[in-house]
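Protein chains get the first letters and strands the later ones, always in sequence-line order, with residue 1 at the start of each. Note that these values count all heavy atoms, side chains included, but never hydrogens, waters or copies made by symmetry. This structure is a prediction, so every number in the text was calculated from the model and none was measured.
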Amino acid sequence: MKSLCVITLFMVPLYLQAQKRTISGSVKSRNSGEHLIGASIYSIGTTQGTTANNYGFYSLTLPRDTVHLRVSYVGYEPLTLKFLLTRDTTINLELNDGTQLKEVEITATAEDPIQESTRMGTIDVPIEQIKAMPALLGETDVLKVLQLLPGVQSGAEGSSGLYVRGGGPDQNLLLLDGVPVYNASHLFGFISVFNADAINHVELVKGGFPARYGGRLSSVIDISMKEGNTKTLKGEGSFGLVASRLTVEGPIKKDRTSFIVSARRTYIDLLSRPMVKALSKGDVTTGYFFYDLNTKINHRINDRNRIYLSTYLGDDKAYSRFKDSYDNQAQNGKEHVSYEDEFSLRWGNITTALRWNKIFTNKLFSNVTATYSRYRFAVSAKSENKTTDASGTTTEFFKDEYTSGIRDYALKWDMDYIPNPSHYIKFGVQGIEHLFTPGVYSYHDTEKKDTTFGARKIFAEEFYGYVEDDFLITDKLKVNAGLHASGFYVQNKFYHSLQPRFSARYLLTPDVSLKASYAQMTQYIHLLTNAGLGLPTDLWVPATPRVRPERSYISSAGLAYNLNKTYEVSLEGYYKKMKGLIEYKDGASYLNIESDWQTKVETGSGESYGAELFLQKKTGKVSGWVGYTLSWTNRTFANLNNGKTFPYKYDRRHDVEVALTYSWKENKDLALTWVYGTGTAVSLPKSSYAQNVSDVPAERTFYDAGGSIDYYESRNNYRMRAYHRLDLSYTTKKKTNWGERAWSIAIYNVYSRKNPFFMDIGYDKHGQKKFIQYSLFPLIPSVAYRFKF
Amino acid sequence: MAVLFAGCELVVDVDVPVEPPVLTLNAFMIQDSIWSAKLSLSRHILDEADHQPVTDGLVVMYQGDHAVDTLVGDGNGLYTGDNTPVPGEAYEIRATSATYGVVRGTSYIPLPVEIGSVEVDLPDGPGPGGSFVDKFFIKLRMKDRAGEENFYQIAAFVEKRWRDGRTGETQITRRMLLMSSKDPSIDNENVGSSEGIFFKDLLFDGREITLSLESEYWQIQSGPARVFFFLRTISEDFYRYKTTALLQNETSGNPFAQPAGVYNNIENGFGIFGGFSQSFFVYEKK
């Protein structure tokens with residue numbers, strides 16, 4: 001009898017489980033067939049629901065009964081379904097684009113209401129909102145919009161570098177379709193490589209990292225490319241002051257195979273080349289350009305299998321060529337000499353991802369991804385002299401080139417398992433083979449000498465595995481707990497790390513939750529950067545037996561509040577400790593190829609703490625956000641600043657961001673951004689003192705001891721002026737018989753604030769010695785013409 | 001774009017507090033040379049006046065608690081004594097000004113290390129095809145003292161004698177010989193400055209070693225010359241001061257470089273108190 005009771009007790013859950021059925025499928029846009037990442041699917045009248053993953057897949061297990069589902073996604077008309085759930089069911093859901101609705105109807109709730117989610121420090125910005133924001137020189141820039149979020153600092157004026165919660169620009173994992181992009185800068189950092197027309201979804205994670213993410217200390221920026229319209233051929237493009245772009249997408253086979261191609265190129269060089277040639281009488285050619293190309297093919301093999309192939313290719317090139325010729329009277333007669341010099345600076349990324357989505361069961365989703373990523377920087381100079389005389393032509397040449405870069409091959413397998421609405425389990429593994437070339441110099445000349453020296457190629461293997469569960473414990477308490485285990489093998493040294501991840505939310509009321517999180521992160525690669533501007537000269541280098549990996553420990557806690565399902569408010573406090581940070585030693589130079597980079601760096605630690613307030617509205621006539629950050633960020637290096645703690649260059653006590661769009665008519669948008677930040681920390685001397693010593697005989701003092709020495713009390717001891725800037729844009733759209741066209745007028749730095757770029761000592765107009773602040777951008781108007789067909 | 005960037009300078013007032021001037025004491029102990037020191041005042045960073053010499057100072061050298069010399073001022077801030085420092089010994093220097101207080105520093109003068117030999121490898125003639133030969137090579141032999149951290153400076157100057165056509169007198173010019181080194185025994189941090197090569201014995205402690213150096217041939221190419229090679233054993237203070245001062249000089253004017261602070265071992269003031277001993281070798285170029 002006792003045994004029977006025990007068996008019965010064990011059987012009850014199985015019986016209950018047997019009484020449940022699973023609904024699964026995908027959520028797409030009805031117009032484009034594009035998967036809606038993060039769309040919300042929940043059962044009305046219960047607390048049970050789920051969200052679509054990065055490939056639009058969802059799975060929701062509910063009791064056998066009449067089911068009333070609501071499906072929603074920002075900017076789309078919500079969909080409600082009512083049906084009797086008697087068996088496992090596949091429903092592929094399609095939502096209508098909100099542009100077909102009246103404005104007031106676009107009030108869909110956020111994908112996963114902020115108070116419901118366990119995630120902290122995670123923000124997604126709708127791509128249409130990104131495209132609506134005013135942009136420098138009219139070039140929409142994803143990373144510059146992310147700089148407008150709390151906890152994210154922008155670094156130097158105009159730069160697209162990100163400094164997240166006190167971290168450096170190397171501590172951000174920039175993923176484009178799951179592939180790391182190592183240098184996201186065009187135009188020396190002023191424009192990022194991400195073409196907004198090719199992007200479907202952007203998510204920033206700056207804390208409370210789920211276990212599936214790893215490899216960087218401070219943030220993950222997960223950017224998904226569009227998959228290509230599976231219904232009809234569509235296109236869009238623009239002509240701007242700096243660049244033009246064109247995107248074409250459509251079905252190769254309707255509802256089965258689609259493609260997207262998106263290209264962008266600047267034309268500064270094309271415009272300036274005739275002028276330069278005319279001014280130099282044809283002797284000089286100089287210019288700069290960048291281009292990028294995104295392509296993707298997406299093929300649905302059957303309802304359970306789908307493959308994607310996506311690539312990114314981008315290059316920047318600055319170049320100058322000079323040629324001339326003359327006649328010379330030599331000993332053995334007249335000779336003609338012609339010579340040509342060329343200098344070029346080139347950098348660029350290539351990324352490729354081949355993915356295979358497989359739905360094993362209606363609760364188990366798999367994604368296998370093979371990726372390739374390469375970043376390469378090269379600076380070269382070559383010269384060729386040709387001398388023609390009676391005896392023939394002789395040619396002399398030389399070419400020298402400095403290159404650096406990083407190349408990855410990776411294979412990743414991610415699984416989503418959703419056994420019931422209380423658990424969302426993710427697990428997976430990844431292996432990466434890195435090849436680092438941190439600085440190689442080669443020289444060739446007429447005598448066919450080929451001299452190559454500099455840093456050796458370094459191979460390294462990185463791998464990780466993870467498991468996490470988003471677990472609803474009670475209606476009020478939900479946790480996401482996981483473990484990320486990683487390893488790195490380089491130069492016969494093996495580093496490994498176990499990184500616990502935890503985040504939780506507790507619902508105080510249906511609209512307010514209390515949240516907390518903890519994450520450990522390990523980063524096995526470093527970026528050597530001279531100026532922190534995201535310049536192409538920055539070097540990616542691995543952890544080595546001599547230079548250890550970077551580690552961070554991040555705790556945060558806060559409140560999330562959903563006001564009237566319209567406004568999302570979050571308040572988060574955080575503390576982050578970082579170890580193993582590297583910086584160039586004072587005065588070290590990346591181009592000193594005769595010394596190993598490992599001898600040029602110092603290692604130390606850092607900490608950052610503060611609070612962030614974020615108010616976001618994703619829908620309606622007025623949408624956007626307001627953010628405020630109060631933070632402190634410090635660094636401590638044993639061999640810098642006499643070992644004393646000093647403020648990080650981008651330690652910013654106050655940071656305010658306002659980003660709003662106002663659509664007062666269906667075809668007219670006004671967008672505004674305003675930013676304010678405490679001035680950047682800078683090292684300035686307080687006083688100077690004499691350097692010269694004594695007048696002893698010349699044989700003894702062969703040094704030229706004179707001049708003066710500037711006294712710096714400590715590193716980053718002063719603040720530049722506060723940074724603030726207002727940008728505006730106005731866009732008017734018109735339907736045409738071929739599609740839609742829009743004119744967009746934007747003004748960057750409306751009140752022409754002279755924001756500091758750097759400071760130096762100089763002289764004012766009266767000849768007085770003063771501190772001089774140099775700025776980059778005054779008021780800059782721009783205009784762009786956009787079209788869609 | 002150039003038009004857009006125009007007018008982007010702004011003179012700003014940075015609140016650098018005006019602090020009273022501080023005594024600056026610069027003194028190097030040199031083997032076989034009498035004590036000497038220079039005393040001056042620091043100034044505000046935006047002040048362009050010369051560093052004011054301190055003429056009313058009292059500069060005294062101590063060994064332990066005993067005063068070993070009192071230096072006498074020349075009225076221009078230079079103070080000299082009667083005695084010489086003893087290599088291998090540590091000293092303290094104290095400078096007192098009735099207006100600016102007392103500053104002090106301690107250091108030592110290292111024992112000299114002799115140059116074993118110097119070999120100079122000059123090019124035989126022009127390079128292939130008459131091309132310009134730009135380098136010549138030097139090998140300098142020395143023996144490091146074992147069991148202690150030693151700091152070195154290698155430097156050289158070129159002495160040329162020539163007859164002045166107008167006066168008929170022999171004139172002498174001396175010019176620093178700029179050198180560099182890729183020798184793996186020299187730690188890579190401070191190679192090739194305008195004041196020679198500074199390095200530690202980190203990689204050859206206690207060993208006899210031949211260091212490879214190189215230089216640009218144009219510096220000695222024309223005519224006969226005497227090249228004086230110096231090997232200095234320098235105190236750690238001297239090493240840290242010179243390397244950081246050179247670094248500050250190199251990064252000066254680069255807005256993207258982190259400015260380098262200069263080592264200072266003068267208590268209550270600025271400056272340096274260090275020492276060195278030296279040996280030299282004369283190479284006669286035909």
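- In this view, A:D400 and A:Y441 satisfy the side chain to side chain donor-acceptor pair (under 3.5 Å) rule, not counting sequence neighbours.
- In A:Y288, the OH atom is crowded: over 12 heavy atoms of neighbouring residues, nucleotides or ligands sit closer than 6.0 Å.
- Inter-residue side-chain proximity for A:S688 and B:H51 is flagged as met; some heavy-atom pair is nearer than 4.5 Å.
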TODO: Could you check B:Y263 against A:N642 for side chain to side chain contact (heavy atoms under 4.5 Å, CB included), going step by step and ending with a plain yes or no?
DONE: CA-CA 9 Å; B:Y263 177 75; A:N642 297 318; over 6 Å; no

Task: Evaluation steps, side chain to side chain contact (heavy atoms under 4.5 Å, CB included), between A:F771 and B:L46 - done: CA-CA 8 Å; A:F771 285 103; B:L46 298 179; 4.0 Å; yes

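- Between B:F270 and A:Y689, the ring planes are parallel. Angles under 30° get that label, and only those over 60° would be called perpendicular.
- Between atom CZ of residue B:R43 and atom NZ of residue A:K686 there is a gap of 16.0 Å, rounded to the nearest 0.5 Å.
- Within a 6.0 Å sphere centred on CG of B:D47, other residues, nucleotides and ligands contribute more than 12 heavy atoms.
- Residues passing the ring-ring contact (aromatic ring centres under 6.0 Å, His included) test with B:Y79, sequence neighbours excluded: none.
- Using a 4.5 Å cut-off between heavy atoms, A:I709 touches chain B through backbone and side chain atoms alike.
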TODO: Tell me, with the steps shown, if B:Y241 and A:Q691 meet side-chain hydrogen bond (donor to acceptor under 3.5 Å, both in side chains).
DONE: CA-CA 10 Å; B:Y241 172 77; A:Q691 186 177 5; 4.5 Å; no

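- Distance check, rounded to the nearest 0.5 Å: OH of A:Y711 to NE2 of B:H44 gives 13.5 Å.
- Of the possible donor and acceptor atoms, none in the side chain of A:D710 sits under 3.5 Å from a partner among the backbone N and O of B:I45.
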